[in-house]
2 protein chains.
Amino acid sequence: MDGKIVNLKSKLEIYKAMTDGANFADCPVRDVIHGINGKWSPLLVMALAEKPYRFGELRRLVPDISQRMLTQTLNELQRDGYVHREVFPTKPPGVEYSLTDLGRSMFGALHQLIQWAELNHDAVREARAGFDATQA
Amino acid sequence: MDGKIVNLKSKLEIYKAMTDGANFADCPVRDVIHGINGKWSPLLVMALAEKPYRFGELRRLVPDISQRMLTQTLNELQRDGYVHREVFPTKPPGVEYSLTDLGRSMFGALHQLIQWAELNHDAVREARAGFDATQA
DNA sequence: AGTGCTGGTCTCTTTTTGAGACTACAGGCC
DNA sequence: GGCCTGTAGTCTCAAAAAGAGACCAGCACT
């Protein structure tokens, strides 16, 4: 992560690599998007945007996530300030996860991409099929 | 990828896991977003949204990507129909990569997220700092 | 006393990624 | 001719990340 790192900034302006003085954290795209675009993050944010869920509920909602990755992804989302974690000292202690204001704000932007994905799912699948055909 | 797979569909409706009959490809979020949210994909799409670039230009633009991952990511973007690859039979053959209409359309949605990232970079960094402080 | 639920952690294996050498061809330079 | 550059990649091997599943403690129900 040291040495030559490129910065990509707003309005499509692309800055050339700097030989020094620049670092990863100065590039919002890489720094912020990386926290959002994990394999499971969008799915969990989407779920929590609907309503708060507990650990086990999320696990059942997304059956092919491992407990390990669920714990880890939720922890990352909490660290970045998107998710709030609250422990209820009930008999079997329950842990509820919910979106923070920052999380809801982020979801607003993410939602654009989700909607695009729904609308263009078929187009992407066609492109894939065509590509695979020419390669075979 | 077989067995119990959850479907997450539009408008925040969340479908429970189906024990059978459902597969990965039926969930636009997972199918489409996965192709976009790789580590390097957003960066490359962003670059190509500005103007077409050749292989070596992209490599210099994003110095910390390996040739291997650049080749692979461009190939995936091409497969999903976002990027067009054109070979010019010049003396040293050049290969130019550009966004397709589908790619530009997708970038429109992705751009929302990029803008959000820029606007809220500081908030996320603060959240992280606060979280790390409580953990230490 | 056994079973299930709560929210995790720990370890082991498989997959993905990264770093860097290697290919092949063409042109310029000395 | 011999050497270096640049073109766009591929190949191999090591490191990092993800997945699978065992295990834990505490409490409730039967």
Side-chain angles (χ1 to χ4, degrees), chain A residues 1-6 17 24 30 33-44 47-48 52-80 83-98 131 135, chain B residues 1-6 17 24 30 33-44 47-48 52-80 83-98 131 135:
Chain A
M1 216 56 81
D2 57 288
K4 300 198 277 182
I5 300 290
V6 77
F24 190 89
R30 307 179 72 151
I33 299 288
H34 179 260
I36 298 168
N37 77 358
K39 179 168 183 179
W40 304 105
S41 310
L43 233 39
L44 295 177
L48 294 176
Y53 281 107
R54 295 212 315 276
F55 188 88
E57 291 176 319
L58 288 171
R59 203 164 99 73
R60 280 186 292 276
L61 217 52
V62 187
D64 59 340
I65 192 175
S66 62
Q67 291 194 338
R68 187 181 159 284
M69 286 315 291
L70 182 53
T71 302
Q72 185 178 313
T73 305
L74 285 171
N75 188 56
E76 287 169 2
L77 290 173
Q78 188 192 355
R79 184 171 111 93
D80 281 5
V83 161
H84 173 68
R85 178 179 185 272
E86 188 159 9
V87 180
F88 294 97
T90 49
K91 308 76 169 288
V95 180
E96 189 180 87
Y97 293 91
S98 55
F131 182 86
Q135 299 294 311
Chain B
M1 215 53 83
D2 58 286
K4 300 198 277 184
I5 299 288
V6 77
F24 190 88
R30 306 178 74 151
I33 300 288
H34 178 259
I36 299 168
N37 77 358
K39 181 168 182 182
W40 304 105
S41 309
L43 234 37
L44 294 178
L48 293 176
Y53 280 107
R54 294 212 317 273
F55 188 89
E57 291 176 318
L58 288 170
R59 204 163 98 73
R60 281 186 291 276
L61 217 51
V62 187
D64 58 341
I65 193 174
S66 61
Q67 292 194 339
R68 189 181 157 283
M69 287 313 293
L70 182 53
T71 302
Q72 185 177 312
T73 306
L74 285 171
N75 189 56
E76 287 169 2
L77 291 173
Q78 187 193 353
R79 185 172 111 93
D80 281 6
V83 161
H84 173 69
R85 178 179 186 272
E86 189 160 10
V87 180
F88 294 97
T90 48
K91 310 73 165 290
V95 179
E96 189 181 85
Y97 294 91
S98 55
F131 181 86
Q135 299 295 310

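Below, chains carry the letters A, B, ... as their sequence lines are ordered, and counting in each starts from 1. Values in this document were obtained by computation on a predicted structure and should not be read as measured data.
Taking the side chain as every heavy atom from C-beta outward, B:Pro42 and A:Asn37 approach each other to under 4.5 Å.
In this structure, NZ of B:Lys39 is placed 13 Å from C1' of C:dA19, rounded to the nearest angstrom. Across the protein-nucleic acid pair, A:Arg59 atom CZ and D:dA20 atom P stand 11 Å apart, rounded to whole Å. Atom P of nucleotide D:dT7 and atom CD of B:Glu86 are separated by 18 Å, given to the nearest angstrom. Straight-line distance from the CD1 atom of B:Ile65 to the P atom of C:dT16: 17 Å, rounded to whole Å. Rounded to whole angstrom, the span from the CG atom of A:Asp64 across to the C1' atom of D:dA20 amounts to 13 Å. Atom CG of A:Asn75 and atom C1' of D:dA17 are 16 Å apart (whole Å). Here the P atom of nucleotide D:dA8 and the CD atom of B:Gln72 are 19 Å apart, to the nearest Å. Across the protein-nucleic acid pair, B:Glu76 atom CD and C:dT16 atom P stand 10 Å apart, rounded to whole Å.
With sequence neighbours excluded, the residues forming a side-chain contact (heavy atoms from CB on, under 4.5 Å) with B:Gln78 are A:Phe131, B:Asn75, B:Arg85, listed by chain and number. By the side-chain contact (heavy atoms from CB on, under 4.5 Å) test, B:Gln72 is found to be paired with B:Arg68, B:Met69, B:Glu76, residues two or more places apart in sequence or in another chain being considered.
Scanning both residues, B:Arg54 and B:Gly94, for their nearest heavy atoms gives CD-CA, 4.3 Å. B:Leu48 and B:Tyr97 make their closest contact through CD2-O, 3.3 Å (heavy atoms, listed as atom of the first residue, atom of the second, distance).
Here A:Trp40 reaches the OP1 or OP2 of D:dG19: one of its side-chain N or O atoms lies under 4.0 Å away.
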Generate the contact string for nucleotides 2-9 of chain C. Rules: B means base contact, S means sugar-phosphate contact only, - means no protein heavy atom under 4.0 Å. ----SSBB
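Using a 4.0 Å cut-off between charged side-chain N and carboxylate O, B:Asp64 and A:Arg30 make a salt bridge.
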